[in-house]
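Notes follow once the structure below has been shown.
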Amino acid sequence: MTTLMTDNQSNTLLDHQWINSEQAAEYLKVIKDRSDNQLRDFSLLFSPALSATLVVKQYRYKILLIGKTGCGKTSLIRALMGKEFSTVNAQPTLGIQTTNVYWPVRVNQPNKPLFMFRLDFWDVGYTSSTRYDYIDSDSMDSVDMIIFVISAADRESFNELAALIEEKRKQSSTNRPFVSLIFITKFDQYAVLTDSDAKEFQARYNIPVYLFSNVYSNMRLATSYLNLIAEKLYKRDLELAGQVLS
């Protein structure tokens, strides 16, 4: 898993290095699989069994992945859990598939509060969303972030991306705008899109663009992306609350 475009982390709202601390390790023990260095999927009905000393305030976020069949939405979610990112022999997603992971964060404030973010990833099958209107409307309801996923071999979808983002913005609540991210997958497989395409789009629309290769992922790389996702969600929440960001 590779990114060729990164954010400026010189002045972050969250402490991105805290996740490597001994304190964070106690939380990671609870949210990871016991046998593998990967995050657990807690599904809709379960949550981490935190001891009294680890209980912190929790925030829940709905993250929708949008992209055509075969672009790598399901594989991207796996990569964000520290699992292998691979689209080889992947089956199309039917209907809506949810994956629910938890991620602890520490805020860069004098008292350094800790929070637990619950990230509900909604993987919506492209065929189902275009065939059934209710699936599209349900997936957009109360969405906090949309990750637009595009294959590097699909220039047509890339050319249509700006219009798609604007369409989704019109569908969402004006009082609760969602955060937009773009992931371009399969950058090592017959890519027709270039680094310049991604950089130009990011500069023009001010939306972060990340490039992924079809390679083995790990928790170290997944951690960096989860911290970025958490950072952008927390920033959005502060802006909605009317707090001034320095």
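Please read these numbers as outputs of a predicted model, since none were measured by experiment. As a basis for the values below, the full set of heavy atoms in this structure was taken, side chains included, without hydrogen atoms, waters or symmetry mates.
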With sequence neighbours left out, the residues meeting side-chain hydrogen bond (donor to acceptor under 3.5 Å, both in side chains) with Thr194 are Asp197

Of all the heavy-atom pairs spanning Ser151 and Ile184, show the shortest one and how long it is.
C-CG2, 4.3 Å

Start with the C-alpha gap between Thr99 and Trp122, add the side-chain angles, then the distance that decides, and say whether side chain to side chain contact (heavy atoms under 4.5 Å, CB included) holds.
CA-CA 7 Å; Thr99 302; Trp122 283 49; over 6 Å; no

If we only count heavy atoms from C-beta on, is the Phe187 to Asp195 side-chain gap below 4.5 Å?
yes

Could you tell me whether the side chains of Ser157 and Asp154 share a donor-acceptor contact shorter than 3.5 Å?
yes

Name all pairs fulfilling the salt bridge (charged side-chain N to carboxylate O under 4.0 Å, His left out) condition that reach into residues 97-115, sequence neighbours left out, sorted by first residue then second.
Asp15-Arg106

Donor-acceptor check, side chain of Lys62 to backbone of Asp141, threshold 3.5 angstrom: yes or no?
yes

Counting only heavy atoms from other residues, nucleotides and ligands, does the tally under 6.0 Å from CG of Asn206 exceed 12?
no

Side-chain contact, heavy-atom cut-off 4.5 Å: Ile182 with Gln202?
no

Going by atom types only, do Gln171 and Lys168 share a side-chain donor-acceptor pair under 3.5 Å?
yes

Distance, nearest 0.5 Å, that separates CG of Asn159 from CZ of Arg155
6.0 Å

Check the pair Asp120, Thr98 against side chain to side chain contact (heavy atoms under 4.5 Å, CB included), reporting the backbone distance first and the verdict last.
CA-CA 7 Å; Asp120 295 343; Thr98 61; over 6 Å; no

Checking side-chain polar atoms at under 3.5 Å, does Asp123 have a donor or acceptor matched by the opposite partner on Thr74?
yes

Under the side-chain hydrogen bond (donor to acceptor under 3.5 Å, both in side chains) test, which residues partner Thr53, sequence neighbours left out?
Ser51

Applying side-chain hydrogen bond (donor to acceptor under 3.5 Å, both in side chains), can you list everything that pairs with Tyr205, at least two apart in sequence or on another chain?
none

Side-chain touch Ile229/Leu80, heavy atoms, less than 4.5 angstrom:
yes

Partners meeting salt bridge (charged side-chain N to carboxylate O under 4.0 Å, His left out) with Arg220 (sequence neighbours left out):
none

Could you tell me if the side chain of Val107 sits less than 4.5 Å from the side chain of Leu13, heavy atoms only?
no

For Met219 against Met81, the heavy-atom pair lying closest together
SD-O, 3.5 Å

Rounded to the nearest 0.5 Å, what's the gap from CG on Asn227 to OG1 on Thr12? Could you check?
8.5 Å

I need the minimum non-hydrogen distance between Gly72 and Val149, along with the two atoms involved.
C-CG1, 4.2 Å

Shortest non-hydrogen separation from Ala222 to Gly82 and the atoms involved:
CB-N, 3.8 Å

Distance, nearest 0.5 Å, that separates NZ of Lys32 from CG of Asn37
3.5 Å

Between Lys29 and Glu26, does at least one N-O distance fall below 4.0 Å, as a salt bridge requires?
yes

Taking only residues two or more places apart in sequence or in another chain, which ones pass salt bridge (charged side-chain N to carboxylate O under 4.0 Å, His left out) with Glu160?
none

Mind checking the CG-CG spacing from Leu233 to Leu181? Nearest 0.5 Å is all I need.
8.0 Å

Quick one: does any side-chain atom of Gln58 pair with a main-chain N or O of Arg118 as donor and acceptor, under 3.5 Å?
no

Tell me, please, which residues at least two apart from Ser180 pass side chain to side chain contact (heavy atoms under 4.5 Å, CB included).
Phe148, Ile165, Arg169, Phe178, Ile207

Ring pair (Phe, Tyr, Trp, His ring centres under 6.0 Å) partners for Phe117, two or more places apart
Tyr61

Below 4.5 Å, heavy atoms only, C-beta onward: do Leu65 and Ile77 meet side chain to side chain?
yes

Would you mind listing every salt bridge (charged side-chain N to carboxylate O under 4.0 Å, His left out) that reaches into residues 34-43, with sequence neighbours excluded?
none

Indicate yes or no: at least one non-hydrogen side-chain atom of Asn100 is less than 4.5 angstrom from one of Phe121.
no

Sequence neighbours left out, what passes salt bridge (charged side-chain N to carboxylate O under 4.0 Å, His left out) with Arg176? Give chain and number order.
Asp144

Quick one: do Leu240 and Leu119 end up in the same hydrophobic cluster if we chain Ile, Leu, Val, Met, Phe, Trp and Tyr together by side-chain heavy atoms under 4.5 Å apart?
no

Shortest non-hydrogen pair, Met116 vs Pro104, comes out as SD-N, 3.7 Å

Over all atoms of both residues, closest heavy-atom pair of Ala191 and Lys186:
CB-O, 4.4 Å

Do any pairs count as a ring pair (Phe, Tyr, Trp, His ring centres under 6.0 Å) and have a residue in residues 154-173, sequence neighbours left out, and if so which ones?
Phe158-Phe201

On the 0 to 90° scale, with breaks at 30° and 60°, tag the Tyr234-Phe115 ring pair as parallel, tilted or perpendicular.
tilted

So among Asn20, Leu14, Ile19, which one has a side-chain contact (heavy atoms from CB on, under 4.5 Å) with His16?
Leu14

Set of residues satisfying ring pair (Phe, Tyr, Trp, His ring centres under 6.0 Å) with respect to Phe183, sequence neighbours excluded:
Tyr210, Phe212, Tyr225

With rounding to the nearest 0.5 Å, note down the distance linking OH in Tyr102 to OH in Tyr27.
14.0 Å

So, do Lys235 and Glu231 sit near enough that their side-chain heavy atoms are less than 4.5 Å apart?
no

What's the spacing between Ile147 CD1 and Lys73 NZ if we round to 0.5 Å?
12.0 Å

